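See structure below.
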Amino acid sequence: MVENATIKIYGMTCTLCSAIIEAGVEKLAGVEKVNVSYAAEKAALQYDPSAVELGEIKKTIEKLGFFVEEGELADSGSGLDRSTRERNKLKKQFIVSAILSSPLLLAMILGGLGFCHDTFDPYNQTAWGLFVESLRVKTAGLHKWELQLALATPVQFIMGFNFYRNAFYSVKLRKATMDVLVVLGTTAAYFYSLYVSLFETTLYYFGMKNIYFEASATIITLILLGNYLEALARGRTSTAIQTLIGLRPKTARVIKGDSEIDIPIDEVAVGDIIIVRPGEKIPVDAVVLEGYSSVDESMLTGESVPVDKQVNDFVTGASINKHGALKIKALKVGNETVLAHIIKLVEDAQSSKAPIQRIADQVAGVFVPVVILASLATFCIWFFFIYSAQVFLIDKAIVAAVSVLVISCPCALGLATPTAIMVGMGKGAQNGILIKNGEVLENVCKINTVLLDKTGTITTGKLAVSDLLLIAGDDEEFSESSIWEIAAMAEKKSEHPLGTAIYQKYKRFFSREAAESRRFEAIPGQGIYAQGLGRTVLIGTRKLMEDRGVAIDHAKNLLIPLQNAGKTFSYVAVDGKLTAIIAFTDEIRAHSQEAVARMSKMGLEVYMLTGDNTQTAMAIAERVGIKNVLAEVLPDKKAQAVESLKKQGKKVAMVGDGINDAPALAAADIGIAVGTGTDVAIETGDIVLLKDDLTAVPAAIQLSFATMRTIKQNLFWAFIYNIIGIPIAAAGYLNPVVAAAAMALSSISVLLNSLRLKGFRLN
């Protein structure tokens with residue numbers, strides 16, 4: 001039996017490190033699938049526990065030179081502490097490396113300005129000349145190779161140890177990473193400088209030799225700085241998850257016998273009775289037993305307006321009780337709560353890969369070997385052809401080759417997609433928009449048609465009886481009360497919203513339970529058939545009446561005002577004759593018209609899908625601004641309606657309530673479930689909207705477009721950076737130190753561009 005697991009991984013320095021881990025873990029028998037995200041620092045696994053233990057997988061990752069922690073530990077907060085420790089370690093390494101490298105860098109700068117050569121007249125007695133001479137004398141020691149060697153060696157082999165370790169494991173697994181480029185470049189510069197220092201006799205002013213210790217040390221220092229800044233930025237990309245985890249209450253006040261006891265949240269069990277005072281967080285998912293209050297659910301929905309809660313209402317863990325005290329009964333605890341499901345969904349989504357990332361992965365997979373070959377070619381061209389007539393043949397060749405290695409590190413390429421996905425999906429989660437994975441994110445951008453279910457999506461779905469129209473009969477007259485008695489008896493066992501509305505109306509009218517039916521039959525998409533009170537009863541649609549031979553045409557004039565008002569109605573037939581029409585109102589959601597207008601403005605073709613008759617459907621559609629209507633569609637035919645639009649070449653997003661629209665949501669190119677955080681809503685659809693506000697639909701689409709736009713921008717700059725940088729480095733116009741700085745800045749620029757999504761306005 002295959003199981004899923006999430007492991008937190010620390011110590012990755014570039015996206016190709018994730019490829020090393022994937023390659024190492026995939027070799028283990030029993031591992032079905034492994035996906036490692038560099039940006040999220042996580043591995044998502046599918047494995048057979050009978051063939052391989054999770055502990056063995058973790059040991060394999062550790063043997064590759066990384067540190068691991070199981071996902072549950074990370075969720076509880078310890079993972080955040082480890083992340084902080086890793087950042088602090090990088091910070092210390094950078095500071096020490098910077099202190100040791102600074103004198104070397106200063107020597108390089110002074111040499112570049114000419115302070116170390118004969119270009120200055122030592123007999124110049126002007127103020128400037130005296131200043132220059134004084135500075136040259138004071139800094140002469142910086143150019144001694146013994147001092148440079150002493151400063152560069154700990155940077156190269158102690159501060160840069162992780163680069164050597166990771167490069168070793170990557171070569172062992174036949175995977176080339178950024179660390180390989182860094183090690184090759186800096187090691188070449190270091191050992192060439194060491195050779196010149198020990199064996200060459202040619203000296204320059206103040207005993208300076210043609211060495212590059214400053215290049216090797218400064219490159220490592222700048223890359224450490226880049227890694228530290230990346231770690232800080234990656235921490236900011238995951239703030240959405242950190243915020244969600246931080247929402248979890250720590251304790252709950254549980255009634256035990258006659259007393260109230262505060263216990264850790266992990267000890268709360270299903271069925272426990274809990275007291276929640278004003279201002280406290282609701283600890284678990286529960287039902288209200290006593291009390292009345294307003295609850296802030298913005299942590300789930302992004303909606304700042306509190307929601308009123310009373311007896312029998314569902315409350316969600318981590319929401320905030322604003323006013324009155326509540327007594328609640330725990331229904332879901334631990335990993336079964338809505339918040340836990342949302343955290344898991346967002347984590348999985350942020351760790352997923354969009355199809356566009358395959359381009360970056362494929363390029364990165366062959367990029368490093370190609371760069372190594374390019375560096376060797378650069379060295380050979382400079383050494384054998386360009387500088388063959390010069391005295392110092394190897395210097396320029398080494399500098400150019402090292403510059404090619406350093407400037408080519410593909411960090412920015414690897415960060416382009418995952419960082420944007422993390423920030424974009426985190427932004428959505430904070431606003432009640434859950435996008436399942438990177439593939440969904442990319443496919444949303446192809447949508448040109450949006451299909452909206454009417455009941456529960458455009459409207460509130462809370463139906464109420466508005467009218468009862470009696471139909472005069474030839475041989476028997478029914479009173480209003482007798483119709484209610486018969487209809488309530490027939491609908492008592494119904495679970496359909498219309499049947500529930502009829503029964504609730506009866507109970508309010510008579511304040512008692514209705515009689516039991518002898519026989520009850522639900523006819524999907526049409527209505528019900530029942531026997532009781534000495535009658536046979538049909539309640540439902542025109543099709544039901546026509547199929548059962550009930551004449552209804554004589555009542556069509558009564559329907560006109562109902563249809564014009566956009567009301568839903570059902571026919572009531574007793575003993576085979578039409579006796580009444582019951583009409584229902586379904587209030588249009590407050591922002592439905594605004595949402596439709598926004599989608600139309602975005603160039604999307606909007607359809608309404610409903611089982612109502614055409615006249616009623618058209619009336620509702622006109623009120624919200626929808627021109628395309630698919631009416632009288634039975635529930636089991638909704639998926640066929642979606643397929644029909646797809647056959648016309650349309651890319652369809654289906655928007656439904658996530659409960660009875662599941663087949664249509666699955667059939668659509670993108671399924672968008674409008675729910676209230678229920679399990680069914682979370683599990684259904686590619687995008688889940690946790691608030692009953694249709695404006696979240698265009699907001700979700702706009703967020704997807706913005707995220708994909710950011711990914712494409714990142715990929716463009718990552719590609720163009722290497723396309724421009726490599727030729728410049730190969731031509732000898734780029735110092736290795738400058739190349740290292742540019743490489744670090746390229747990664748930071750990609751991260752900062754992704755972080756701009758945090759400011760994206762979902763309006």
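Here the structure is a predicted model, which is why all the values come from computation and not from measurement. The figures that follow rest on heavy atoms only: side chains count, while hydrogens, waters and symmetry mates do not.
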Intermediate values then yes/no, side chain to side chain contact (heavy atoms under 4.5 Å, CB included), V338 and K332:
CA-CA 8 Å; V338 169; K332 296 178 182 178; 5.6 Å; no
Looking at E491, E513, R508, K493, which one forms a side-chain hydrogen bond (donor to acceptor under 3.5 Å, both in side chains) with Y503?
E513
Counting distance only, does the side-chain N/O of [X] pair as donor-acceptor with the main-chain N or O of [Y] below 3.5 Å?
| X | Y | result |
| --- | --- | --- |
| S600 | V596 | yes |
| T337 | G334 | yes |
| N448 | K651 | yes |
| D296 | P306 | no |
| N431 | I433 | no |

Would you indicate whether K505, at its atom NZ, is surrounded by more than 12 heavy atoms from other residues, nucleotides or ligands within a distance under 6.0 Å?
no
For a quick test of reading the model, state the closest non-hydrogen atom pair linking [X] to [Y] and the distance between them.
| X | Y | answer |
| --- | --- | --- |
| A501 | V465 | O-CG2, 3.7 Å |
| P561 | N557 | CD-O, 3.7 Å |
| A515 | K492 | O-CD, 3.9 Å |
| L665 | A673 | CD1-CB, 4.4 Å |
| L757 | A420 | CD1-O, 3.6 Å |
| L604 | I447 | CD2-O, 3.4 Å |

Would you say [X] and [Y] make side-chain contact, with heavy atoms under 4.5 Å?
| X | Y | result |
| --- | --- | --- |
| F584 | I502 | yes |
| V688 | K436 | yes |
| L703 | K427 | yes |
| S517 | M489 | yes |
| D272 | V333 | no |
| I582 | I539 | no |
| T579 | I471 | no |
| F314 | V287 | no |

Salt bridge (Lys or Arg N to Asp or Glu O under 4.0 Å) partners for [X], two or more places apart:
| X | answer |
| --- | --- |
| E587 | none |
| D547 | K543 |
| R277 | E260 |

Walk me through whether V423 and K758 qualify under side chain to side chain contact (heavy atoms under 4.5 Å, CB included).
CA-CA 7 Å; V423 179; K758 284 192 170 187; 3.7 Å; yes
Do we see a donor-acceptor contact under 3.5 Å between the side chains of Q526 and R548?
no
Rounded at 0.5 Å granularity, tell me how far [atom1] in [X] sits from [atom2] in [Y].
| X | Y | atom1 | atom2 | answer |
| --- | --- | --- | --- | --- |
| I435 | L689 | CD1 | CG | 9.5 Å |
| L609 | M654 | CG | CE | 5.0 Å |
| N321 | S294 | CG | OG | 7.5 Å |
| I458 | L452 | CD1 | CG | 4.5 Å |
| D669 | L451 | CG | CG | 11.5 Å |
| I273 | L289 | CD1 | CG | 5.0 Å |

Contacts of type side chain to side chain donor-acceptor pair (under 3.5 Å), residue [X], not counting sequence neighbours:
| X | answer |
| --- | --- |
| R512 | E485, Y506 |
| S481 | S479 |
| T536 | D575 |
| K650 | E605 |

Residue pairs fulfilling salt bridge (Lys or Arg N to Asp or Glu O under 4.0 Å) with at least one residue in residues 315-328, sequence neighbours excluded
E290-K327
Residue pairs passing the salt bridge (Lys or Arg N to Asp or Glu O under 4.0 Å) test where at least one lies in residues 520-529, sequence neighbours excluded:
R519-E521
Taking distance alone, no hydrogens or angles, what donor-acceptor pairs closer than 3.5 Å link side-chain atoms of residues 615-630 to residues at least two apart or in another chain?
| residue | atom | partner | partner atom | Å |
| --- | --- | --- | --- | --- |
| T616 | OG1 | K567 | O | 3.1 |
| T616 | OG1 | N613 | OD1 | 3.1 |
| T616 | OG1 | N613 | ND2 | 3.2 |
| N628 | ND2 | V606 | O | 3.2 |

I282 pairs by side chain to side chain contact (heavy atoms under 4.5 Å, CB included) with which of T316, V295, I320?
V295
Does a salt bridge link R542 with D553, judged by any charged N lying under 4.0 Å from a carboxylate O?
yes
What verdict does the side chain to side chain contact (heavy atoms under 4.5 Å, CB included) test give for E643 and V652, after you've listed the backbone C-alpha separation in whole Å, the side-chain angles of each residue and the deciding distance to 0.1 Å?
CA-CA 9 Å; E643 293 291 352; V652 181; over 6 Å; no
Determine whether I687 and I701 satisfy the following criterion, side chain to side chain contact (heavy atoms under 4.5 Å, CB included), listing intermediate values before the conclusion.
CA-CA 10 Å; I687 298 176; I701 296 173; over 6 Å; no
Using the ring pair (Phe, Tyr, Trp, His ring centres under 6.0 Å) criterion, which residues pair with Y292? Sequence neighbours excluded.
none
Qualifying residues under ring pair (Phe, Tyr, Trp, His ring centres under 6.0 Å), relative to Y571, sequence neighbours excluded:
F569
